[in-house]
Protein chains: 2
Amino acid sequence: MNEMPHILVVDDHREIRAAVTRYLEKNGMRATAAQDAAEMDAKLATGHFDLIVLDVMMPGEDGLSVCRRLSGEGGLPILMLTALGQETDRIVGLEIGADDYLPKPFNPRELLARIKAILRRSDRSEPLAGSLAGKKVRFAQWVLDSDRRVLIDGNGQETALTGADFKLLTVLLERARLVLSRDQLMDLTAGRRAAPLDRTIDNQISRLRRKIEKDPMQPRLIITVRNGGYSLAADVEVMNE
Amino acid sequence: MNEMPHILVVDDHREIRAAVTRYLEKNGMRATAAQDAAEMDAKLATGHFDLIVLDVMMPGEDGLSVCRRLSGEGGLPILMLTALGQETDRIVGLEIGADDYLPKPFNPRELLARIKAILRRSDRSEPLAGSLAGKKVRFAQWVLDSDRRVLIDGNGQETALTGADFKLLTVLLERARLVLSRDQLMDLTAGRRAAPLDRTIDNQISRLRRKIEKDPMQPRLIITVRNGGYSLAADVEVMNE
DNA sequence: AACAGTTGATACATTCTGCGACAAAACTCT
DNA sequence: AGAGTTTTGTCGCAGAATGTATCAACTGTT
């Protein structure tokens, strides 16, 4: 997490919104407030957020409904605020997809600690996502020029990459040495879920290997992990401008 | 998450350990218990876990200390159990690196929901070779190149390893001279529990021996411990880059 | 409209792994 | 020591997973 995390606070009480946003901003975060689900949707559509603090009890669409809706689509983490003692709500919230809840009234310091705990965790899921934009990246015997989408070898020889090649390679570079399942790769490269018996990723790996491996029959860079997926076996260095 | 998640329950009260593990196992998870920090460390070294449920109050090293230690290294998610009302502990726990806490006494259904919430957002990908990822490792007459998954002998001769060979060897190298049971090996290599009469590990050991032993009929590197399992009898040295 | 390039699907070849079966070895007990 | 029992070693095979050639659909260009 390089920049300040951006938190969206959704609560119908003006005082709570104000207090929470002020406290978060005093502690190294950006905070934006919304007073109901409709306003939340508007803010979400036009900005980038790292986490939503969501009140369960709201006029209009309530927190549980919002939570169900959001956790279905995006993977935006949600921290729910519940009235004290409504254990049922809390459990249902967690089961529906909230990442945490906090009973009201709450200690702002605890809210902050919980937000950080969630961010720390979800941070992992997109470690360097998009961070390669415009950079040059060195790995194994190659340098990837991510502006031009071209690979350059030690002799200055260039190899062109297609869109799919480039996207897949970028995803692997950003997660070097991690084993990524076909599902994850499909999600990360194409944003869709792999159908059963879908060989798309295998095909793309095969094509990419033909371009980047010295000997595509004995791949050294992109390793197959049976029953696991694929893994990039190389150190990755983002080059200085 | 393809397989059942494996939860390590650390608590000094026998009844709580028993109740929690039983409940988790009834709900589609594997659960293993440890009664204190020392036993926890032993289990961690010889098994694969996805999350730790950790009691704060324990004889010996206490939960906060454990939490600080673990969150430094591994990144294994931690859910802390705290005595009711000790808000300070809870906040400190979260700040130290716990992913969540639950005050005792707790509703088992809520514990389950929280565990699932953490697993859902942490669903982490792991490096293929654990702590050896990307390293070269010398043992006996071999050097293992863990990027390329090949063994190199003194003459530079290479021996290819299949995925299962490599995973098993990696697990053994990381735990040289420890005796690992078939169950533990199954857990560490495949993340699943060995069925009764399961000869899978024996087979893999046999195949691996054929590749790494000078005389596979008289194994010197991978030792059989009757009624115990197998053990790697060699010094292991991670080589400098 | 023809074309070149790219991508996903399908089919087939190849490799890998778990399993059952049986052999061999180790251990126990008399 | 010998017979019986348990544990381990490994062979062969079938099913599953993977690699990739080929083709059809699609995109954008000329």
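To the nearest angstrom, P of dG9(D) lies 11 Å from CD of E213(B). As a whole-Å value, the separation of F166(B) CZ from dT17(C) P is 13 Å. Rounded to whole Å, atom P of dT10(D) lies 11 Å from atom CD of Q218(B). Computed from coordinates, the R182(A) CZ to dA17(D) C1' distance equals 7 Å when rounded to whole Å. Rounded to whole Å, atom P of dT18(D) lies 12 Å from atom CG of L185(A). The interatomic distance linking D202(A) (CG) with dT14(C) (P) rounds to 18 Å, in whole Å. Rounded to whole Å, atom C1' of dG9(D) lies 15 Å from atom CD1 of I223(B). Taking atom CZ of residue R193(B) and atom C1' of nucleotide dG18(C), one finds them 19 Å apart after rounding to whole Å.
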Where along nucleotides 4-10 of chain C does protein come under 4.0 Å, by heavy atom, of base (B) or sugar-phosphate alone (S), with - for untouched nucleotides?
--SBBBB
Per-nucleotide protein contact along nucleotides 24-29 of chain C, 5' to 3', at a 4.0 Å heavy-atom cut-off (B base, S sugar-phosphate only, - neither), is -BBS--
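A donor-acceptor pair under 3.5 Å is absent between the side-chain atoms of R209(A) and the main chain of P219(A), judged by distance alone.
Using a 3.5 Å distance cut-off with no hydrogens or angles, the side chains of R109(B) and Y23(B) do not pair a donor with an acceptor. A side-chain N or O of S206(A) and one of R210(A) form a donor-acceptor pair less than 3.5 Å apart.
Other residues, nucleotides and ligands contribute over 12 non-hydrogen atoms within 6.0 Å of the CD atom of E15(B).
Residues meeting the side-chain hydrogen bond (donor to acceptor under 3.5 Å, both in side chains) test with T46(B), sequence neighbours left out: Q184(B). For H48(B), there are no ring pair (Phe, Tyr, Trp, His ring centres under 6.0 Å) partners, not counting sequence neighbours. Considering only residues two or more places apart in sequence or on other chains, D235(B) meets the salt bridge (Lys or Arg N to Asp or Glu O under 4.0 Å) condition with R177(B). For E237(A), the salt bridge (Lys or Arg N to Asp or Glu O under 4.0 Å) criterion is met by R138(A), not counting sequence neighbours. For R30(A), the salt bridge (Lys or Arg N to Asp or Glu O under 4.0 Å) test picks out no residue, with sequence neighbours left out. R193(B) meets the salt bridge (Lys or Arg N to Asp or Glu O under 4.0 Å) test with no other residue; sequence neighbours excluded.
Close to dG9(D), at under 4.0 Å from its OP1 or OP2, lies a side-chain N or O of T224(B). Within the structure, every side-chain polar atom (N or O) of R210(B) is placed at least 4.0 Å from both OP1 and OP2 of dG9(D).
Sorted by first and then second residue, the salt bridge (charged side-chain N to carboxylate O under 4.0 Å, His left out) pairs involving residues 220-232 of chain B (not counting sequence neighbours) form an empty list. Annotation: salt bridge (charged side-chain N to carboxylate O under 4.0 Å, His left out) contacts involving residues 154-168 of chain A, sequence neighbours excluded, comprise R148(A)-E158(A), D165(A)-K211(A).
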Tabulate protein N/O versus nucleotide N/O from nucleotides 25-30 of chain D, keeping only pairs under 3.5 Å, one per line.
none

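Rounded to 10 degrees, the angle separating the terminal axes of the helix from dA1(C)-dT30(D) to dT30(C)-dA1(D) is 20°, with each axis obtained from five end pairs.
Using a 4.0 Å heavy-atom distance criterion, Y230(B) is classed as a sugar-phosphate-only contact.
One distance of note links CG of L161(A) with CG of L169(A); it measures 6.5 Å at 0.5 Å rounding. The distance from atom CD1 of I205(B) to atom CG of L180(B), rounded to the nearest 0.5 Å, is 9.0 Å.
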